[in-house]
Structure formats: C-alpha cells, structure tokens
Amino acid sequence: MSSNAVAELFAGKVAVGTRVTVKGWVRSRRTSKAGISFVAVHDGSCFDPIQVVVPDTLSNYSEVTQLGAGCSVIASGELVASEGQGQSVEIQALELEVVGWVDDPETYPIAKKRHTFEYLRTQAHLRPRTNAFGAVTRLRNTLANAMHNYFYGEGFHWVNTPLITSSDCEGAGELFRVSTLDFSNLPRNEKGGVDFAQDFFASESFLTVSGQLNVEAYCLAMSKVYTFGPTFRAENSNTSRHLAEFWMVEPEIAFANLEDDAALAEDFLKHCFREVLNQRQDDMEFFAQRIDKDAIARLERVVNSDFVHMDYSDAVRILEKSGKSFEYPVTWGLDLQSEHERFLCEEYVKGPVVVKNYPKDIKAFYMRLNDDEKTVAAMDVLAPGIGEIIGGSQREERLSVLESRMDNPTLKEELWWYRDLRRYGTVPHAGFGLGFERLLNYISGMDNIRDAIPFPRVPGSAHF
RNA sequence: UCCGACAUAGCUCAGCGGUAGAGCAGUAGACUGUUAAUCUAUUGGUCCCUGGUUCGAUCCCAGGUGUCGGAGCCA
C-alpha cells in the first residue's frame, strides 16, 4: 500500500480532499467525549506530527482510545483543512490500523514530556522519536547532503580513504588497534614482543585518525578532493566536544595556498548554512525556540558577513592587551588555550574567526614552513561555543623541508609514499579537517556532541 | 587523565539522624475541535553499592561505581 510522508502533506503537495495514508508513530492522543479522538502521528519526515481526527464511528474506535505515545499506526482518510488551531491540514480518518502497541505505557521511556538529554542518552534506541533528536537527525542528513552538493558543484571528487591504517605515527592522537590475533594466546617474536607478522595485515594496524595523508595523494592527481567518513581517536577525552568515533570532512585542493584554503572553508560553511536555513526551517525554528534562542540569527550573521582573519601573532597581542586575567599564560610560542580561543571568537570577534600562521613547534610536521622559518601556514577556524571547528593548513610540498620536519625516523620510513608525492610533480596544496558533529552543534545550539551523533562512542561507553 | 558537582517513584526534582514527598507520566472517572489540554481520585520507592559512626543512616564519614560540568588532548 502506498502512503504519504507527513512532510508532503504539510508542504501542500497533496490537494485538500484527497484520500491519503500516513504510517508512523503516535506522539499523543486526546480523546473528546464529543465522539472524536485526536491522534498526533509523526513519521520522521518533518518536525510536526500530523493530526489524525478519528470519529467514534470507526469499528475499532475502542482501540483508538487506548492509543498512547509510541504506538505505531497506519491511518488513512481525507486530507482536510484543519478546523482547529495549530496546523494547516489534518486527516479525517476513515481507517486507523494499530500496527504495534506499547507493552507497558507506564514504563515507555519516551513519555510525552520534556526529558533531559542526559536521560535520553541512556535510551539512544528510542530518542530519535523525540522532537529534539528527530530535528538533529534531519539536520544531520541535510547538512551531509549540502556538503556533498557543494563539493560536487565545485568539481571536487569524493575520495573514500581507508579506515584501517598501518601507520601509528600520523600524530593526531591515540589509535585503536585492529587485530584478529587471539588475545589469550598471542604469538611472540624472537625478542619476546607480539609477532604482528602473524596478524591479519601482517603488521600492526589501527583505525584511522585522519584521511588527510591518503587524500593528499588523490589531490595531487584529481586537483580537488575531499573525504567524508568516520574517524577514530582513542584519547581519554571526557568532554562535551569529543567522541571516540566521529565524522570528519577533509577537503584538499592542489595549486593552493593557505589563503585559498581559508577562502574555501568560508565559502563552504556559508553554503552549508544557507542550505540548512532553506531546507530545515521547521527544525531550525525548534532549535531557536527550545535549544538556543540565537540559533537562526547566528547562521544568518555568518552567511552575511566576512570571516575575520588574524595571525596567531596578532591573536597573542590581542589577548595580551585584553586586560582579561586568563588561567593560562599567553605567550608567543604557546598554543592557545580554550579560554583564549573563547575570548577571541565569543568576545572579541563575536563570530567565527580564522587564526593563521602558528608557531611551527606546536603544529604537525606536514604543515608548510613559512619564510620566517618560525611559523607554519596553519589555520584554525574558531566558533563561539564550540571552539575549534576546523583545523587546516597549507601542506609542505618541498621534500627537503618536509623531511627535516619529520623528526621520527620510523615516521619517515613508513611515509615513504607520502614523501614520494613531493618527488614526482609536487605542487603547493592545502586542506582542512572539519568536525561534522561539532558543526552540527554549532548550527543547532545543542551543547553536547554526544547528542549530535546517533549512537555516541566515548571512553567507557560503546552501548547500543 | 585532572578538578568540581551530583546519584531519592517510569521521568523531573524537593526533603530529613527516627525507614519519604511534589509535579508530570500511568490507571479510573469528569469535561472539552483538542493540541505539553484541564479537573478529581489513585497505583507506584533496595532513597546507587560496600563498609564505618550511631540506640537508630536515605541523611554523617570512608571507599567503590556511574553520570554531568570544566580542563588537557583535538575535530
């Protein structure tokens, strides 16, 4: 049997008077002794549930009056202009089939009331049925599509870099081990260590912490590329901004410098925000109403203004002159702390800020050494409330400089192919990494990253 | 990992050295083109776990576990 998405009914794509069918889950039921029940049905297609008006003349009306939150139903009837307030159209039911009851309404975890996000994390399998997580889920989908569409429209190639890597030296954090060895009976080599030659990949292997190094290879052939996929960090990070498994977008452009990179980041973010504002008005209104008053205005401000750029050295001067007393010292050569980044984007700029050209000693080996030989062509995009949302750089394309920055001999050896890219037709190139869930939090105003991904993985918890 | 806070009904929380309450949800009824409906009644508790102090601990103390917030690491 064909059916209609609730979204298309509200969008006016179906004429009033048409016989329609919706399939979904009950949000609430209100029964009137006047002989009708109002059943709010949601199916995930849009923020609002549709109101199904059920007359007591239906043969199974006694069932209808037993409906509660969570029950699944198929309702069909005539689409009519609503007699009540609060919705444009509703369904005058001719049939309502109960597909699945709720076993024990008293203990159904998603009651028709406000729940804390903390509680809903313990009900991750049912939380998509709530307003907030339905909205986050649609936003996530829209944002992912907006990103792909942007890149596709700009001539980028989506490159699917591997999730399993044998390099443990990429320098972006602790790695999860991937192995098929029997942990209770590990094979040993002559030195007494674990003999990884007997492991599945015949060498130690891990889950990737970044697709960047691999995607650079494709960049130096396809010119404009990006990765989008899950990334894994085994850091013991217990914050509202970190996940052990998260999604990251990493564009990489050839014949490009740091300025091109920053311009790409800005254009990209603005495109995404515009698409979200256009396509997910209903959900954004919810976020603005219930989660963060500034949610919509914030995106509009970003879309309509130019990103503020500043050099790291200027940022240090601004912080020194701010008159604020920071817990951590501000000195040229030290990395900016959260409190410093917060001041810059939340108080000084009051919006996203691009900080560029950091001291070389606090940044990764692959970032291009500037002519001053003290700084590298790195940039961070800092966003209010989130902190670092993008980290990027122009890559070191000069073999000798790159090798001199690879202080670890094992790293140098393992990344022979990465160095090869500088031997065969090297070009200046640049890219960045953007945390997908962090961007979702920035857009929605949700403040915990565990609520931006369906089933969060964090230290001590891989439930569901 | 460090610092701090918290853990009481299905959920959100109050409370007190003498073993416990509210709102919501659930259930029953009333009322209503209702929409987080409203009104009346009502069910519901290992007060996180283990020790200790005490005549007596949900409350005080110690340890543990879990969660949250902040910091570091970073996206």
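Values below: all heavy atoms of this structure, side chains included; hydrogens, waters and symmetry mates excluded. All figures in this text were calculated on a predicted structure; none of them were measured in a lab. Letters go in sequence order (proteins before strands), and every chain restarts at 1.
At least one test fails for A/Arg29 against the ring of A/Phe38: distance under 6.0 Å to the centre or angle within 45° of the axis.
The gap from the P atom of B/A36 to that of B/G63 amounts to 49 Å, rounded to the nearest Å. Here the separation of B/C68 from B/U34, taken at their C1' atoms, is 38 Å to the nearest Å. Distance check on atom P: B/G17 versus B/C61 gives 13 Å, rounded to whole Å. Look at the C1' atom in both B/G23 and B/U42: the space between them is 15 Å, to the nearest Å. B/C47 and B/U58 have their P atoms separated by 7 Å, given to the nearest Å. Nucleotides B/U53 and B/C60 place their C1' atoms 8 Å apart, quoted to the nearest Å. B/U12 and B/U50: their C1' atoms are spaced 29 Å apart (whole Å). Annotation: B/C13 and B/U19 have their P atoms spaced 27 Å apart (nearest Å).
Nucleic acid contact class of A/Ser37 (heavy atoms, under 4.0 Å, all strands): none. Counting non-hydrogen atoms under 4.0 angstrom, A/Asn448 reaches the backbone sugars and phosphates but no base. Among the protein residues, A/Glu83 comes within range of the nucleic acid bases, having at least one heavy atom under 4.0 Å from a base atom. Across all strands, A/Leu439 comes closer than 4.0 Å to no nucleic acid atom at all (heavy-atom distances). When heavy atoms are screened at a 4.0 angstrom cut-off, A/Gln123 is found touching no nucleic acid atom at all. Contact annotation for A/Gln51: base contact, defined as any heavy-atom pair under 4.0 Å involving a base atom. The residue A/Thr122 sits apart from the nucleic acid: no heavy atom pair falls under 4.0 Å.
A donor N or O paired with an acceptor N or O is found under 3.5 Å between the base of B/G33 and the side-chain atoms of A/Glu90. Evaluation of atom-type donor-acceptor distances gives a pair under 3.5 Å for the side chain of A/Ser237 against the base of B/C73. Side chain A/Gln87 to base B/U34: a donor-acceptor pair is found below 3.5 Å. In this model, no side-chain donor or acceptor of A/His115 finds a partner on the base of B/C11 within 3.5 Å.
Regarding A/Asn238, its CG atom lies at a distance of 16 Å from the C1' atom of B/C6, rounded to whole Å. Between A/Glu250 atom CD and B/C74 atom C1' there is a gap of 13 Å when expressed in whole angstrom units. Whole-Å rounding puts the A/Asn236 CG to B/A71 P distance at 16 Å. To the nearest angstrom, C1' of B/U12 lies 14 Å from CD1 of A/Ile110. As rounded to whole Å, 6 Å separates atom P of B/C73 from atom CG of A/Asp335. A/Leu126 has its CG atom 14 Å from the C1' atom of B/C11, to the nearest Å. Atom CD of A/Glu346 is separated from atom C1' of B/G70 by 14 Å (rounded to the nearest Å). Put simply, OH on A/Tyr328 is 8 Å from P on B/C73, counting in whole angstrom units.
Taking 4.0 angstrom as the limit, A/Thr239 places none of its side-chain polar atoms (N or O) nearer than this to OP1 or OP2 of B/G70. Here A/Thr116 reaches the OP1 or OP2 of B/U12: one of its side-chain N or O atoms lies under 4.0 Å away. Of the side-chain N and O atoms in A/Thr231, none sit less than 4.0 angstrom from OP1 or OP2 of B/A75. A sub-4.0 Å separation between OP1 or OP2 of B/A71 and a side-chain N or O of A/Arg342 is present. For the pair A/Arg233 and B/C74, the criterion of a side-chain N or O lying under 4.0 Å from OP1 or OP2 is not met. Within the structure, every side-chain polar atom (N or O) of A/Arg241 is placed at least 4.0 Å from both OP1 and OP2 of B/G70.
Considering only the side chain of A/Arg30, B/A37 comes nearest among B/C73, B/G70, B/A37. Proximity note for A/Phe246 (side chain, C-beta onward) versus B/G69, B/A75, B/C11: the nearest is B/A75. Of all nucleotides listed (B/A71, B/G33, B/A75), B/G33 comes nearest to the side chain of A/Val53. Each of B/C68, B/G33, B/G72 was ranked by its minimum atom distance to the side chain of A/Arg121; first place goes to B/C68. Checked against B/A75, B/G33, B/G10, the side chain of A/Tyr119 finds its nearest nucleotide in B/G10.
B/U40 is paired with B/A28 under the criterion used here, namely a Watson-Crick or G-U wobble arrangement in which both key atom distances are under 3.5 Å. Of all nucleotides present, none satisfies the Watson-Crick or G-U wobble test against B/C59 with each distance under 3.5 Å. Applying the Watson-Crick and G-U wobble criteria (two distances, each under 3.5 Å), B/G17 pairs with nothing in any strand. Base pairing of B/G4 is made with B/C68, judged by Watson-Crick or G-U wobble geometry with both donor-acceptor distances under 3.5 Å. Base pairing analysis places B/C47 opposite nothing; no Watson-Crick or G-U wobble pair with both distances below 3.5 Å involves it. Pairing for B/A22 is with B/U12, a Watson-Crick or G-U wobble pair whose two hydrogen-bonding atom distances lie under 3.5 Å. Judged by Watson-Crick or G-U wobble contacts below 3.5 Å, the nucleotide B/A75 has no partner.
Comparing A/Glu339 and A/Thr31, the nucleotide of RNA chain B nearest to each residue sits closer to the 5' end for A/Thr31. Position along RNA chain B of the nearest nucleotide to A/Arg290 versus A/His242 favours A/Arg290 as the more 5'-ward residue.
A donor-acceptor contact closer than 3.5 angstrom links the side chains of A/Tyr226 and A/His148.
Between A/Tyr218 and A/His157, the gap from one ring centroid to the other reaches at least 6.0 Å. The six-membered or imidazole ring of A/Trp158 lies away from that of A/Tyr152, with a centre-to-centre distance of 6.0 Å or more. Between A/Tyr418 and A/Tyr366, the distance from one ring center to the other does not fall under 6.0 angstrom.
In summary, A/Glu252 and A/Arg395 engage in a salt bridge, as defined by a charged side-chain N under 4.0 Å from a carboxylate O. At a threshold of 4.0 Å, the pair A/Glu275-A/Arg280 does not count as salt-bridged, since none of the basic side-chain nitrogens sits closer than that to a carboxylate oxygen.
Residues in residues 51-64 of chain A take part in these side chain to side chain donor-acceptor pair (under 3.5 Å) pairs, two or more places apart or across chains: A/Arg30-A/Gln51, A/Ser37-A/Tyr61, A/Gln51-A/Glu90, A/Asn60-A/Glu63.
With hydrogens and angles disregarded, a donor-acceptor distance shorter than 3.5 Å links the side chain of A/Asn4 to the backbone of A/Thr21. For A/Arg27 (side chain) and A/Pro49 (main-chain N/O), no donor-acceptor pair under 3.5 Å exists by modelled atom type.
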